[in-house]
Amino acid sequence: MPNDATGFAEVYDAHVQKIYAFVYYRVQHREIAEDLTSTTFLKALDAYASFAGGNVRAWLYRIARNTVTDHYRTHRPPVDLETAQDVQSASNPAHDAETRMQLEQVRTELNKLPEDQHDIVLMRVWDGLTHAEIAEVLGKSEASVKMQFSRSVRQLQSSLPLAAFLLFLTLRPYA
């Protein structure tokens, strides 16, 4: 990957939608997600020339995760209860009450997990990162990430109705 503006433009084009979805799911507010995604890529652009190589996707997710964390340290989150399915399209078929209730159950149970477990589950199921990429983002070993993911999924399975758990596993902001 070249360390120039063209190289960064390619990185941006390849990852902006997934980083936006990652941020959006965590802040649940479109304008804030757009701002934080922009901030993520500005930080990445500033550091791009010194990027030593490796997994650029994990590097971007680490920057995005830190940006979201910084945001929550300095701002109170606004209340905006859009469903996670609204990330990619305004014309979404899943607007019925039962689906919304199931999504709210999933969100409630996910929020009960410790922060690292919560992030691991979201990065694996929602963002589609591999265990190795998650380990790189979080600065943990791959074995630790696998173990925490497995424990978290078992905990979610035991606390969520089957329909809500299956809905969570099938929802993704991208194909």
Side-chain angles (χ1 to χ4, degrees), residues 15-44 47 54-88 100-162 164-174:
H15 299 284
V16 67
Q17 289 181 335
K18 292 178 183 176
I19 294 296
Y20 171 79
F22 174 86
V23 171
Y24 177 84
Y25 189 82
R26 284 145 181 87
V27 298
Q28 296 296 305
H29 191 272
R30 287 182 195 272
E31 290 82 13
I32 292 172
E34 290 168 358
D35 290 346
L36 295 178
T37 300
S38 295
T39 300
T40 296
F41 280 98
L42 286 172
K43 289 178 181 179
N55 188 332
V56 70
R57 181 168 127 164
W59 177 67
L60 288 171
Y61 274 89
R62 184 172 41 251
I63 294 170
R65 182 175 187 260
N66 291 339
T67 301
V68 170
T69 300
D70 291 345
H71 168 75
Y72 278 120
R73 284 186 186 138
T74 59
H75 297 92
R76 284 267 185 223
V79 177
D80 188 0
L81 297 179
E82 296 178 55
T83 65
Q85 293 171 309
D86 289 335
V87 171
Q88 292 296 319
R100 286 186 183 271
M101 283 181 14
Q102 289 174 342
L103 285 171
E104 203 52 46
Q105 286 176 319
V106 168
R107 188 172 292 132
T108 298
E109 292 304 317
L110 276 172
N111 288 336
K112 290 179 183 177
L113 294 173
E115 184 180 357
D116 274 356
Q117 287 180 320
H118 178 267
D119 287 346
I120 288 169
V121 170
L122 290 180
M123 283 189 257
R124 181 73 180 122
V125 175
W126 183 259
D127 301 317
L129 271 66
T130 66
H131 289 110
E133 289 171 326
I134 297 167
E136 190 173 333
V137 169
L138 298 177
K140 296 178 176 265
S141 72
E142 187 174 349
S144 172
V145 167
K146 286 180 181 179
M147 182 174 51
Q148 285 187 317
F149 177 74
S150 177
R151 286 179 182 166
S152 300
V153 168
R154 277 196 304 272
Q155 183 177 342
L156 290 171
Q157 285 174 323
S158 69
S159 59
L160 285 172
L162 181 60
F165 184 73
L166 292 175
L167 178 66
F168 171 70
L169 290 178
T170 59
L171 288 178
R172 294 194 67 188
Y174 56 92

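In this chain, numbering begins with 1 at the start of the sequence shown. Side-chain atoms are counted along with the backbone in the values below, which use heavy atoms only and exclude waters and symmetry mates.
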* Test side-chain contact (heavy atoms from CB on, under 4.5 Å) applied to Y72 and V27, step by step -> CA-CA 9 Å; Y72 278 120; V27 298; 3.7 Å; yes
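In terms of heavy atoms, T40 sits closest to A64 at OG1-CA, 3.5 Å. Heavy atoms only, all atoms of each residue included: S152 and V121 are closest at CB-CG2, 3.4 Å.
Pairs of residues two or more places apart, or lying in two chains, that qualify as ring pair (Phe, Tyr, Trp, His ring centres under 6.0 Å) and include a residue from residues 138-157 are H131-F149. Within the structure, salt bridge (charged side-chain N to carboxylate O under 4.0 Å, His left out) pairs that include any residue of residues 150-160 do not occur (at least two apart or interchain).
Applying the salt bridge (charged side-chain N to carboxylate O under 4.0 Å, His left out) criterion to R73, with sequence neighbours excluded, gives D70. Under the salt bridge (charged side-chain N to carboxylate O under 4.0 Å, His left out) criterion, E142 pairs with K146, sequence neighbours left out. Under the side chain to side chain donor-acceptor pair (under 3.5 Å) criterion, R65 pairs with D116, D119, not counting sequence neighbours. In this structure E133 satisfies the side chain to side chain contact (heavy atoms under 4.5 Å, CB included) test together with N55, R57, A58, L129, T130, sequence neighbours excluded. Qualifying side chain to side chain contact (heavy atoms under 4.5 Å, CB included) partners for T39, counting only residues two or more places apart in sequence or in other chains: K43, T67. The side chain to side chain contact (heavy atoms under 4.5 Å, CB included) check on S38 picks up nothing, with sequence neighbours excluded. In this view, E109 and K112 satisfy the salt bridge (charged side-chain N to carboxylate O under 4.0 Å, His left out) rule, not counting sequence neighbours. In this structure, N66 has no side chain to side chain donor-acceptor pair (under 3.5 Å) partners at least two apart in sequence or on a different chain.
In this structure, CD in Q148 is found 4.0 Å from CD1 in I120, a value given to the nearest 0.5 Å. Between the OG1 atom of T37 and the OH atom of Y24 there is a distance of 12.0 Å, given to the nearest 0.5 Å.
Checking side-chain atoms of S159 against main-chain N and O of Q155 turns up a donor-acceptor pair under 3.5 Å. Although no hydrogens or angles enter the test, the distance criterion places a donor-acceptor pair under 3.5 Å between the side chain of Q28 and the main chain of Y25. Although no hydrogens or angles enter the test, the distance criterion places no donor-acceptor pair under 3.5 Å between the side chain of S150 and the main chain of M147.
Contact annotation: the side chain of L60 approaches that of F41 to within less than 4.5 Å [non-hydrogen atoms, C-beta and beyond]. With a 4.5 Å cut-off on side-chain heavy atoms, Y61 and H15 do not count as touching. Side-chain contact between F22 and L122 is absent, with no heavy atoms from C-beta onward closer than 4.5 Å. Contact check for L138 versus M123: side-chain heavy atoms found under the 4.5 Å cut-off.
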